[in-house]
Amino acid sequence: MAREIAKAYEPQQIEPRWAEYWVAEALFKADTKARGPVFSIVIPPPNVTGSLHIGHMLEHTEIDILTRWHRMRGFNTLFLPGTDHAGISTQRVVVKQLMDQGIDYHKLGREEFEKRVWAWKAEAGGQITKQMRSIGESCDWSRERFTLSPEMSRVVRKVFVQLYSEGLIYRETRLVNWCPVCLTVLSDLEVNHEDRQGHLWHIRYPVAGSQEFVTVATTRPETMLGDTAVAVHPEDERYKHLAGKKVLLPLMNREIPIIADAMVDREFGTGAVKITPAHDANDFEVGKRHGLAEIDVMTDDGRMSAAAGDFAGLDRFEARKRIVEDLKTKGLLEKVTEHAHSIGICERSKTIVEPRISTQWFCKMKGLAEPAIKAVREYEPRKENTIQIVPDNRRQEFLNWLDNIRDWTISRQLWWGHRIPAWYCGDCEELIVAEEAPVKCVKCGSGKVTQDPDVLDTWFSSGLWPFSTLGWPEKTADFEKYYPTSLLITGYDILFFWVARMAMLGIHLSGKVPFRAVYLHSLVRTGSGEKMSKTKGTGLDPVVLNQQYGTDAMRFCLASMAAPGTDIVLSDDRLGGARNFANKIWNAARFLFVNLDKFEQGGTAIEELASPEVRALAPYKFKGNVPLVDAWLFSRLASVTEMVNEALANYRFHEAAQGVYQFFWGDFCDWYIEWVKPELQNADRERAIVAWKNLFAGFDAALRLLHPFMPFLTEELWHQLPQRPGTKSIALDKFPVAQESWKNSGALEEFEVLQYLITSVRNIRAEQKLDPKKKIAAELTSKEAAVRELVERNLDTILRVAFLSDLKLIPGKIGVGGVIRSTARFDLRIPFAEIVDSQAEIARSKKEIDGLTKDIASKEAQLANETFRSRAPEKIIKGMEATLEQRRVELRKHMDRVAEFEKSDRST
RNA sequence: AGGCUCGUAGCUCAGUUGGUUAGAGCGCUACCUUGACACGGUAGAGGUCUGGGGUUCGAGUCCCCACGAGCCUACCA
């Protein structure tokens, strides 16, 4: 059969077919009863209404590479996909959509709003999973989960009730982070701190019954309306006489006490601090200590409240301006200075967060954190119930954070999310926390029970993800088989948000760590070093790039740059390089197919190649011996496979990718294919058949090696090669095994000599500007068997360059009158004295002599050093001595040549 | 304020416990359209590893300082 195959790889033509095939055939459905060690991984659920961004692309590529790699090595593999309801961000999206239609979501009411969100989820929710399918992620789609599904809700309610009954969840009134735009409380993690240039306003507070003023310094003058004291340090001589007196709060004309508290920093500002317990965390504490009133002067949307007197109704920033002006006119503004300070920003709305007094639900963290700290701190390979965190510096970050953890605000004033399973009795105010809605109050029997309007922080349900998705708390087959999961791959930006919480909740609830290892991948940044972001317009759209370069190229590119602990800056150049690599593989396959056809036409059956049993015996022998080049290739294959296994086991994706790249392009294409070309034409038919069988076997193995990185291309080509009947996918085929018997250091060394010899000839040709089409004669002295074979076979077409003709092996020393390359293992002479640029040759040799002299001198000095000899390991000394000897031989040859050249130059 | 990371070829980056002439991709130069591939081939140029000091027989690799870039955590008004 003649194979038709496009000249260039066109991923767009090929990818959709396989993406569909993988899903339709359910090839990646996990089977709890299947044999083999377990590899299970759950996806960090992306926002259900989101779409694939470049960060996902990296994350999913890494997950998929490791998943496919494990699967091919015979693991019982589960890759569980799913999505997150993403409370705040999803609600914000829908609220905005409604706003664009002129609809105020408040007016819609809770029930109708929730319907709208579900409708939006139905509409947009398929987007990201569809994209995941199209990029070929090898998930088990039959196990897809959603954090807000009824099943997940049941788990969430159960967990909430349990933690509440254990006293770990409680409700309290305290100062929290409030976003006036999202209209909800935020956890500390959802507040980002930014350094901004602000002002320090020095305001005079008149002391009651005196002409004196106390000047306070503040960055937030608008909060003064809620001041309930002024604090000074108890030992501050400047203010000692004022303690116990009162000041008249300007603009409000309210008398407030001057109190003494050690929290005041005498050095800062004026040494006197206004105390606003309702709007500042420190002041809140001081207020508690001194029994001060808490006056909330703002509303939930960031306006001044009725308690703000004349300023009521003003926006908080407008109020600030007006207050400053008023103070100025009243002569109470002493001065304004520049002041840099850190400001809390809502991670979603980017507005300034208000510290605000509010009653919320919290989760106690100290007790939960301890076992998680233990699990991470005590990590050792294979030690039960410990967690490995990679890279190592993140591990320390993780521990530091958990050591200083504070309680988690888990309630949110949103409508989209898991509603808190708490009910209040309208009559006796009893609080009822239960998995199912109570019909009546458990205390007074009143039927007037209403549910808490708040929902839970999104991260609460995602904190249960690794086990809730596997059927916990039931002891399902999935849970028993796949929990704890083997690995979690996610970004370090959600180390605390998500990883830490899963670790804590997982250990507490399931009794086991939720994952044995966490690999924190890099962030993909823009050229200027920023985190890529769609809102800033700095993001690259992976869907567009996949279309442009091919998904395999994209995957390969990301993998080859994904060095642990370093961020990735993606570029078109780099992507282009990966695309070229895909094309290279494609064209190597074309070469293979052409020859496959030729051999079929020649009457050779190719079916026997389809059997993996035969394949495992590769490389094939010719007259009882593996031909040198085949021995070399399979030796390289064994070490590359080993290297890839080692690299992937340690999350060193870049090493693995670069390793297969070098192997495929550098070894397989540049050397092996070129070498094999004349062999395929070998007059000895048997030799030719062995050559192409090994070519096939080598390519087939390379394809399987490449598959985890480039699934589409390899699947396509694999199907075009003879395969065992009934096998459905390369993804279910075997990953190459680094056969010890393939390793052949002798073949490696011999082949290296040949490579160097050939490179030398090409180099002479290039430097002497010899006509590439013209055959030239050459003489060679060498004791190497491979070199002799090369000469005997006279493979003058190797590497497309007709470089040798009448290559003669001569005994003894090679004369001058030509161009010579010398190494310790061979001398090569191309006797074309008349066209040789002897000056160039002399210059070249002199350069070599310089390098060699320096090197030899430094090695001699080293070796002469007694301390070195006594302290350096034997291996290093021996190696250095051997190299030194070689260098000396090379140096002598170069010096001889220069001398001879100069002599013959003078004589002509 | 504390902690962390980074500074290696023109560009983007690798470089695993310190060990023999520091690597890759892209770019660059010269030559080559040869029946897998110009998204290609061949040959080549190009870094002394930000600067300074130290430890060591030996440092890009460990320590200290400086300069530069970035990240995370943090209640100083």
Side-chain angles (χ1 to χ4, degrees), chain A residues 5 7-9 175 193 200 216-220 223 231 263-265 268-270 272-276 280-285 339 341-342 355 393-394 396-397 400-401 404 492-493 495-496 523 525 527 529-531 553 557 560-561 563 565-574 576-595 646 650 652 654-655 658 661-662 669-670 673-674 759 762-767 769 772-773 797 799-802 851-852 854-855 858-859 862 865-873 875-877 879-884 887:
Chain A
I5 174 164
K7 196 172 175 185
Y9 177 53
L175 205 80
H193 295 274
L200 203 53
V216 299
T218 179
T219 54
R220 304 199 50 200
T223 62
M263 66 69 83
V264 178
D265 176 359
F268 189 90
T270 61
V273 193
K274 61 190 266 319
I275 300 296
T276 325
D280 180 277
N282 269 322
D283 294 3
F284 183 75
E285 294 302 319
H339 181 65
H341 61 139
S342 156
N393 58 315
R394 300 288 170 196
Q396 208 44 53
E397 228 170 71
N400 288 345
W401 188 75
N404 301 306
Y492 60 76
D493 51 336
L495 179 61
F496 308 138
L523 298 186
R525 296 183 183 280
E530 286 174 272
K531 183 174 166 181
C557 181
S560 70
M561 301 185 76
T566 55
D567 288 342
I568 290 177
V569 179
L570 199 62
S571 68
D572 279 336
D573 283 350
R574 199 75 187 217
R579 181 210 41 213
N580 295 355
F581 182 47
N583 190 241
K584 188 75 179 173
I585 298 167
W586 183 257
N587 276 289
R590 287 184 68 213
F591 173 76
L592 193 75
F593 295 151
V594 167
N595 285 286
E646 172 78 18
N650 292 295
R652 306 182 68 82
H654 67 300
E655 277 182 7
Q658 284 166 20
Y661 182 96
Q662 300 295 355
C669 293
D670 289 349
I673 286 187
E674 295 307 328
T759 305
R762 290 167 175 166
N763 170 266
I764 292 169
R765 272 202 176 277
E767 293 206 340
K769 302 200 192 313
K773 290 202 187 68
T797 57
L799 306 170
R800 298 180 179 181
V801 180
L852 286 165
K854 251 195 241 164
D855 187 43
S858 95
K859 284 196 171 53
Q862 273 273 55
N865 186 328
E866 272 315 307
T867 352
F868 170 72
R869 298 201 78 101
S870 61
R871 296 201 191 173
K875 202 178 76 184
I876 299 296
I877 297 173
M880 202 180 277
E881 281 171 343
T883 317
L884 177 61
R887 296 286 136 81

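Letters A, B, ... are given to chains in the order of the sequence lines, protein chains preceding strands, and every chain is numbered from 1.
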Paired stretches of RNA chain B - 3 or more consecutive Watson-Crick or G-U pairs, each distance under 3.5 Å: B:1-7 with B:67-73, B:10-13 with B:23-26, B:28-32 with B:40-44, B:50-54 with B:62-66
Quick test: give all pairs of protein nitrogen or oxygen and nucleotides 22-28 of chain B nitrogen or oxygen below 3.5 Å, distance rounded to 0.1 Å.
from: B:rC26; atom 1: O2'; to: A:Asp573; atom 2: OD2; distance (Å): 2.9

Measuring from the side chain of A:Arg762 (C-beta onward, heavy atoms only), which nucleotide among B:rU42, B:rC39, B:rA36 has the closest atom? B:rU42
Side chain of A:Ala588 only, heavy atoms from C-beta on: which candidate in B:rA36, B:rA43, B:rG15 is closest? B:rA36
Pair of N/O donor and acceptor under 3.5 Å linking B:rC37 base with A:Lys7 side chain: no
In the 5'-to-3' direction, what one-character label does each nucleotide of nucleotides 72-77 of chain B receive under the scheme B = base within less than 4.0 Å of a protein heavy atom, S = sugar-phosphate only, - = no such atom? -SBBBB
Check: protein-nucleotides 60-62 of chain B nitrogen or oxygen pairs below 3.5 Å:
none

Side-chain atoms of A:Asn587 come closest, of B:rC4, B:rC39, B:rA36, to B:rA36
Kindly give the heavy-atom pair with the smallest separation between A:Arg574 and A:Met561, and that separation in Å. CG-SD, 3.5 Å
B:rU12, B:rU42, B:rG15: which one has an atom nearest the side-chain heavy atoms of A:Val569? B:rU12
When the side chains of residues 577-584 of chain A are checked against the rest of the protein, which donor-acceptor pairs come out under 3.5 Å, sequence neighbours left out?
from: A:Asn583; atom 1: OD1; to: A:Asn587; atom 2: ND2; distance (Å): 3.3

Are side-chain N/O atoms of A:Tyr492 and A:Asn393 paired as donor and acceptor at under 3.5 Å? no
Under 4.0 angstrom, heavy atoms only, what part of the nucleic acid is A:Pro355 near: base, sugar-phosphate, or nothing? nothing
Listed nucleotide nearest any side-chain atom of A:Phe868, set B:rG41, B:rG19, B:rA14: B:rG19
Go through the structure and list residues passing salt bridge (Lys or Arg N to Asp or Glu O under 4.0 Å) with A:Glu881, not counting sequence neighbours. A:Arg869
